[in-house]
Amino acid sequence: MASSTYRDAWGIPHLRASDPLRLAFAQGRNAARDRAWQIETERHRSQGTTASFLGPSAVPWDRFVRRARLDDTARRCFETLEEETAAWVAAYVDGVNAGLERGAADAPEFAATGLAPGTWQKWTPLGVWLAHHILFAGFPTKLWREEVARRLGDEALELFAADGPATSGSNGWLVAGDRTAPGAALIAGDPHRFIQAPGFYQQIHLSCPEYDVVGFAVPGVPGIAHFGHTGTVAWAITNAMSDYHDLYREQLRTSDDGIEALGPEGWQPAAHHRETIEVAGGDPVEIDVIETERGPVVIDGPAEAVEGDSGPAALSEGISLRYPPRVTEDLGFDVLPALLRARTVADVDRALDRWIEPVNVVHAADTSGGLLHRVAGYVPVRHRENGLRVVPAWRGGHEWQGRHDTPRAEVDGIAVMANERGLAAPLGTEFAPPYRADRIQRLLRASRQWAPHDMAAIHMDTQLAAAAPLLERVVRLDGLGPEAERLRARLLAWNRHMDADSTAAADFARLRSAVVQRVAAEPELKSLAVPPLPYPVVFEPWLNLTAKVASALENLLATELLPGLDSAAVVRAALEETALLEPVTWGELHRLAPSRILPAAEDEEWPGLGGDHDCVLATSSTPGLTDLSSRGPSARYVWDLARRENSLWAVPLGARGIPGDPHGRDQLPLWLTGQLAPVITDFALLVEEPEHGSRSLGM
């Protein structure tokens with residue numbers, strides 16, 4: 001095929017081909033060469049086959065994915081793609097299959113697990129996308145609220161209503177040309193996800209006669225979905241924190257005629273079959289896969305034998321999941337090639353009208369001065385209770401009634417998106433506190449001469465306005481011991497920046513953790529701490545009491561719904577305890593802890609970090625459980641609409657996902673200090689890789 005791969009000084013792939021299909025093939029082949037272990041793991045995650053090489057610990061994920069029908073949903077969504085898009089995705093898959101054998105030979109994880117590279121189906125990229133985002137809407141939070149209401153009463157349903165670090169932390173901002181030094185718009189920000197090794201986002205440059213685009217790709221998925229710059233228009237997103245996945249409590253009965261589910265119109269047949277999960281080092285696991293008119297049953301309930309009119313039957317409960325791609329048989333992938341061809345904000349806007357999942361807030365700007373600030377994605381219209389808790393499948397009024405219009409707003413010089421309640425407020429239930437968004441607004445309004453390199457100061461800002469509510473309670477304490485008085489003095493003199501070298505920041509973090517632990521131990525919350533709650537372990541991040549207390553601490557210390565909680569006594573005891581600890585810096589406690597499929601080497605040590613969840617530098621930990629940070633900026637970018645060559649970017653580790661590769665971690669020093677690498681678009685400044693042997697599309 002007529003395609004070539006070039007690299008810059010950071011090993012970032014720049015792909016050039018004679019047409020879009022050859023370019024898609026080249027992108028797939030590059031993903032297989034640079035990220036073979038990563039994308040093959042994601043293929044197995046989307047199919048529910050990870051236990052076949054990872055063993056029994058992977059069974060819960062495989063069970064969930066199979067019951068949620070992810071692979072089948074991906075296949076259905078592929079079949080509804082426009083013919084041109086389907087050919088483009090298929091070309092990418094052909095490239096993956098052409099490059100996997102070589103990529104696997106360079107990745108020692110395959111030999112370590114005994115995994116052999118497999119064959120990608122045409123719909124596999126859609127499955128990979130679904131697997132990444134099936135929990136992104138945070139529907140397990142509804143399970144948590146259900147347990148809160150069950151144990152504490154319906155009036156406590158929203159007691160823990162606060163943003164949690166599992167789904168937020170992203171920042172994005174758009175500065176119009178009249179507030180920049182270049183005279184054209186700048187778009188900048190940093191998406192937050194779990195910091196993976198290899199990284200979630202891949203810097204890439206895709207060039208053919210129809211388009212030339214730089215941005216962040218998701219390995220295993222063609223094109224550039226979330227962050228891109230075509231030369232004349234650029235776009236970026238954050239999570240809108242919208243609610244678009246519903247859970248239904250199902251009543252199921254089994255008889256000789258099969259399985260039926262009780263809906264508003266009575267008992268109706270449910271689809272049912274059995275599947276086998278193969279388990280490395282363990283026995284195969286048989287599971288039932290059931291789908292009602294609402295959706296796939298993803299959680300089992302208790303069963304009992306009952307006597308019906310036609311003889312014995314088994315009556316049981318379950319919880320089904322209704323999610324847009326399963327309902328619409330559309331994932332929005334027709335948008336991806338349209339974005340690559342976009343030349344104006346209007347092109348981006350028109351393309352995103354068809355986006356499905358996840359639901360995002362979008363910024364876009366073009367070289368003609370066009371600006372865009374909108375929400376994109378599918379949010380169903382339905383009863384408000386659907387957004388709060390598990391609703392009864394047999395009761396009318398909880399059906400979906402179409403699709404919400406997505407809000408948009410005019411850009412008045414500056415637009416900020418930080419998961420806060422704002423543009424997307426009508427579409428969700430819980431949002432991030434306003435601290436990050438307010439801080440970015442204040443910083444941006446301090447200048448009308450912003451240049452690309454200036455944005456690092458915002459990316460790396462560590463002010464923690466969220467510290468104020470707890471510190472205000474510290475101020476009001478009296479009768480403290482001498483050590484606690486000295487600690488209070490240090491805290492009140494602190495500049496409230498979570499800098500890595502700050503001992504006062506560590507003091508505050510330790511105090512906060514001690515308060516969280518004490519609140520979580522309150523007798524009134526004891527019933528929520530009984531392990532385990534009756535749900536699959538894949539939902540544990542949303543169901544851990546200490547983690548929920550940490551994310552809602554400000555609300556819990558002020559609530560009247562816990563009359564037995566003496567917040568002043570809790571803060572006093574925590575302060576006295578913290579005052580006895582030896583001083584350390586925040587960076588000694590708050591260290592980077594990337595997630596990975598296989599265990600890391602025991603002697604591997606990661607650097608300390610500044611920042612905190614409600615800082616712009618949102619390096620998240622879970623107070624009360626750990627100070628280690630497994631979430632943070634999974635990429636940073638500055639898109640310059642005056643000259644694309646002045647754009648900047650960085651990822652936490654590096655461009656390639658091969659252990660020991662020179663470009664596996666070479667961007668870590670940049671990421672730690674807020675520096676950004678230049679975006680190179682001139683192929684004359686790049687180094688062409690030797691030809692690896694051309695492959696045809698088989699067309």
Side-chain angles (χ1 to χ4, degrees), residues 129-130 132-145 157-158 160-164 166-172 174 189 191-192 225-226 235-248 294-295 321-328 330-332 335 348-364 372-391 397-411 415-434 436-437 542 551:
W129 189 263
L130 277 169
H132 280 310
H133 295 103
I134 188 63
L135 296 173
F136 211 67
F139 72 80
T141 300
K142 297 175 184 179
L143 301 174
W144 172 256
R145 293 196 202 102
L157 186 65
E158 297 184 69
F160 291 83
D163 159 56
T167 53
S168 73
S170 299
N171 307 297
L174 186 162
H192 285 62
H226 285 162
W235 65 92
I237 63 95
T238 61
N239 181 6
M241 304 296 286
S242 299
D243 180 78
Y244 47 94
H245 288 181
D246 283 353
L247 295 175
Y248 292 82
R294 272 68 57 193
L321 170 65
R322 188 169 182 82
Y323 60 104
R326 188 71 183 166
V327 175
T328 64
D330 184 5
L331 194 49
V335 173
V348 171
D349 194 17
R350 186 165 46 251
L352 291 175
D353 283 340
R354 301 181 61 186
W355 187 245
I356 301 294
E357 186 170 353
V359 179
N360 297 318
V361 180
V362 181
H363 285 161
L372 178 68
H373 184 198
R374 65 164 291 182
V375 177
Y378 187 108
V379 179
V381 177
R382 74 279 204 219
H383 195 284
R384 181 178 183 273
E385 193 175 50
N386 289 43
L388 292 174
R389 62 193 305 177
V390 183
V391 294
H398 296 292
E399 301 85 358
W400 287 10
Q401 304 292 332
R403 177 177 182 173
H404 270 289
D405 292 332
T406 47
R408 59 182 62 233
E410 295 296 321
V411 178
V416 175
M417 49 185 183
N419 315 124
E420 79 282 12
R421 185 180 300 274
L423 191 61
L427 307 180
T429 301
E430 296 185 15
F431 296 85
R436 286 183 286 112
W542 291 266
S551 64

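None of the values given here were measured: they were computed from a predicted structure.
Nearest heavy atoms, E357 versus P324: OE1-CD, 3.9 Å. Contact detail for T429 and G387: the closest heavy-atom pair is OG1-O, 3.2 Å. In terms of heavy-atom proximity, V359 sits nearest to Y378 at CG2-O, 3.6 Å. What you find for A418 and A432 is that their closest heavy atoms are O-CB, 3.7 Å.
A distance of 4.5 Å separates CD1 in I356 from OG1 in T328, rounded to the nearest 0.5 Å. For the atom pair CG (L321) and CZ (F139), the distance works out to 4.5 Å, reported to the nearest 0.5 Å. The CG atom of L352 lies 7.5 Å from the CG atom of L372; values are rounded to the nearest 0.5 Å. We find the CD-NE2 distance between Q401 and H383 to be 11.0 Å, quoted to the nearest 0.5 Å. Here F136 contributes atom CZ and H245 contributes atom NE2; the two are 11.0 Å apart, rounded to the nearest 0.5 Å. Interatomic distance, OG1 of T238 versus NE2 of H363, reported as 7.0 Å (0.5 Å rounding).
Among residues two or more places apart in sequence or in another chain, the salt bridge (Lys or Arg N to Asp or Glu O under 4.0 Å) test is passed with D330 by none. Under the side-chain hydrogen bond (donor to acceptor under 3.5 Å, both in side chains) criterion, E420 pairs with no residue, sequence neighbours left out. With sequence neighbours left out, the side-chain hydrogen bond (donor to acceptor under 3.5 Å, both in side chains) criterion links R403 to no other residue.
The neighbour count for D353 CG, taken as heavy atoms of other residues, nucleotides or ligands under 6.0 Å away, is above 12.
Of the listed residues (R294, R389, R326, K142), just one forms a salt bridge (Lys or Arg N to Asp or Glu O under 4.0 Å) with D246, and that residue is K142.
Within the 4.5 Å cutoff, no side-chain heavy atoms of R374 are placed close to those of V348.
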